[in-house]
Amino acid sequence: MAEDGRWAALGIICAGVILSMSPWFSATAILPELMTHWSVSDAMGAWLTNGVQLGFVIGALLASITGIFDIVRPHRLIAISALLAALLNLALLIAPSGEIAVALRVLTGVVLAGVYPPAMKLITTWFVQGRGLALGLVIGALTVGSAFPHLIRALTPGVNWQIVVFGTTAMSFMAAYLFHAFGREGPFSYPRAPFHFAQIGKILKDRGVMLANVGYFGHMWELYAMWGWFLAFSGAVLAANGIETESGASLITFGVIACGVVGCVAGGWLADRIGRTGTTALMMGVSGTCALLIGLTFNGPLWLFVLIAVIWGISVIGDSAQFSAVVTEVGDRSLVGTALAFQMGVGFALTVVAIQLTPLFAEWVGGWQWAFLLLVPGPLIGTVAMLILRRLPEAERIAQGRG
């Protein structure tokens, strides 16, 4: 593929990410059925969601320590990881207990760490100009892939939960084939970096990279807790309004998460024009406000709840790609894969905490209505970090001088 083939490469990568990330929330979408199937407690049920997050943290941090993302070609790593994710997801069908199922979810997260960061690095080998939009589209693909199990569940009410597992497994198998057969690096590939423990030290000392990381950490505190618990929140809203329908809550959750694609595209387009620091600050300002206000809509009207939920779904993910884009622009080019793995590893570690604390906070405040107030400090801190970065000399290297 010549450089002219960058849009075809983007299409292949986006399709592969949609397919390969579908196992992420496969257990979350069918959580009530799984808890009944294995007779597990609420705490164990939470780990069927959180296990993937924990596994991703382990995988990403191991990758950042070993530097594997800067050693192995990204498309090969993604193909192998997607294949392993499919097999681990399929194994849920024969898991004899909830404990084994949680272990499988953790391992699924470990191997999915070999999909997401390398895919971000891979697309930057095809794009310098328009990088924000390209990365936004990849994150949009991740968003659709993450939401897909909720759509499958919504469209198959009363059908065995195994259908969701089979569907998401098949998608991940297809992703492995797609990256193996058609994936390749573009003309702006990065130099290979030999493994050395000092790589992490270099990342920690890079002021521009670390401010982008703080912004990302604040963003991640909010994102996956919102995604992971919105099904429970929307179900509680429908119940409070006298609407008892499990498929309705699943459909709303799919719509709210999937509409993040609009935010990813808009965020990428905006970042390439007004800068990444300004775009991330704007998105986090909007999403944090939605987290603050959505509790007011708990008892209706339903149209207002849906409106704020959709705005939140768009803004909560719309800035995600831009933190990674900043790292590729201000960091050491030979350590881009390692820096992305470190950023995502720590960021996802925070999601484990946020996901675990959210239902406890909901119980403490007396229900789901005000549960998402716990997430507000994340985007607030992230906004401050990105506005500080915007005023530093490093901003000249971001978005071709736009900051």
Side-chain angles (χ1 to χ4, degrees), residues 53 56-67 69-70 113 116-121 124 131-132 135-136 138-139 142 190 193 197-225 267 271 275-285 287-288 316-354 375 377-399 403:
Q53 314 289 129
F56 187 94
V57 171
I58 294 169
L61 292 180
L62 284 174
S64 66
I65 292 171
T66 61
F69 291 166
D70 293 311
Y116 181 14
M120 299 295 280
K121 179 180 179 181
T124 63
R131 179 172 291 184
L135 285 168
V138 173
I139 296 295
L142 177 144
Y190 297 93
F197 279 112
Q199 292 171 347
I200 296 297
K202 290 181 180 178
I203 293 169
L204 293 174
K205 293 176 183 177
D206 191 315
R207 182 174 61 175
V209 168
M210 287 309 297
L211 279 170
N213 285 346
V214 172
Y216 182 75
F217 300 157
H219 155 77
M220 291 298 281
W221 175 262
E222 178 188 21
L223 175 62
Y224 272 83
R276 311 202 196 288
T277 54
T279 298
T280 52
L282 174 63
M283 289 286 185
M284 284 188 286
S287 66
V316 76
I317 188 65
D319 52 350
S320 193
Q322 305 316 313
F323 301 107
S324 300
V326 171
V327 167
T328 68
E329 291 167 332
V330 303
D332 186 330
R333 281 183 56 80
S334 68
L335 300 178
V336 163
T338 300
L340 288 174
F342 176 81
Q343 182 188 73
M344 294 179 189
V346 176
F348 275 87
L350 286 172
T351 71
V352 174
V353 178
L375 309 183
L380 177 61
I381 293 170
T383 297
V384 171
M386 298 310 288
L387 291 178
I388 291 173
L389 177 56
R390 187 175 182 84
R391 301 179 65 178
L392 296 180
E394 285 89 338
E396 293 297 321
R397 304 204 299 273
I398 300 172

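The model shown is predicted, which means the values in this text are computed figures rather than measured ones.
No side-chain N or O of Q322 forms a donor-acceptor pair with one of T279 less than 3.5 Å apart.
Considering only heavy atoms from C-beta on, I139 comes within 4.5 Å of Y116 through its side chain. Residues N213 and V327 form a side-chain contact, since some pair of their non-hydrogen atoms from C-beta on lies under 4.5 Å apart. Between T280 and H219, the closest side-chain pair of non-hydrogen atoms is not below 4.5 Å. Within the 4.5 Å cutoff, no side-chain heavy atoms of T351 are placed close to those of L223. Contact of the S320 side chain with the M120 side chain is not registered, since no non-hydrogen atoms from C-beta on lie closer than 4.5 Å.
Summarising the geometry of M220 relative to G347, their closest heavy-atom pair is CB-O, 3.6 Å, with the distance given to 0.1 Å. The shortest non-hydrogen separation linking A271 to A399 is O-CB, 3.7 Å. For the pair V330 and G208, the tightest heavy-atom approach, listed with the atom from each and the gap, is CG2-C, 4.0 Å. When every heavy atom of A60 is checked against every heavy atom of G345, the shortest pair comes out as CB-CA, 3.5 Å.
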For residues 382-390, which side-chain N or O atoms pair as donor and acceptor with protein atoms under 3.5 Å away, sequence neighbours left out?
from, atom 1, to, atom 2, distance (Å)
T383, OG1, P379, O, 2.7
R390, NH1, T277, OG1, 2.9

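Atom CG of L340 and atom OH of Y216 lie 9.0 Å apart (nearest 0.5 Å). Between atom CG of residue D206 and atom CE of residue M210 there is a gap of 9.0 Å, rounded to the nearest 0.5 Å. Once rounded to the nearest 0.5 Å, the distance linking CZ of F323 with CE of M284 reads 4.0 Å. For the atom pair CG (L380) and CD (E222), the distance works out to 11.0 Å, reported to the nearest 0.5 Å. Here CG of L135 is found 6.5 Å from OG1 of T124. Values are rounded to the nearest 0.5 Å. To the nearest 0.5 angstrom, F56 atom CZ is 9.5 Å from L61 atom CG.
With respect to the salt-bridge test (charged N to carboxylate O, under 4.0 angstrom), the residues R276 and E329 qualify.
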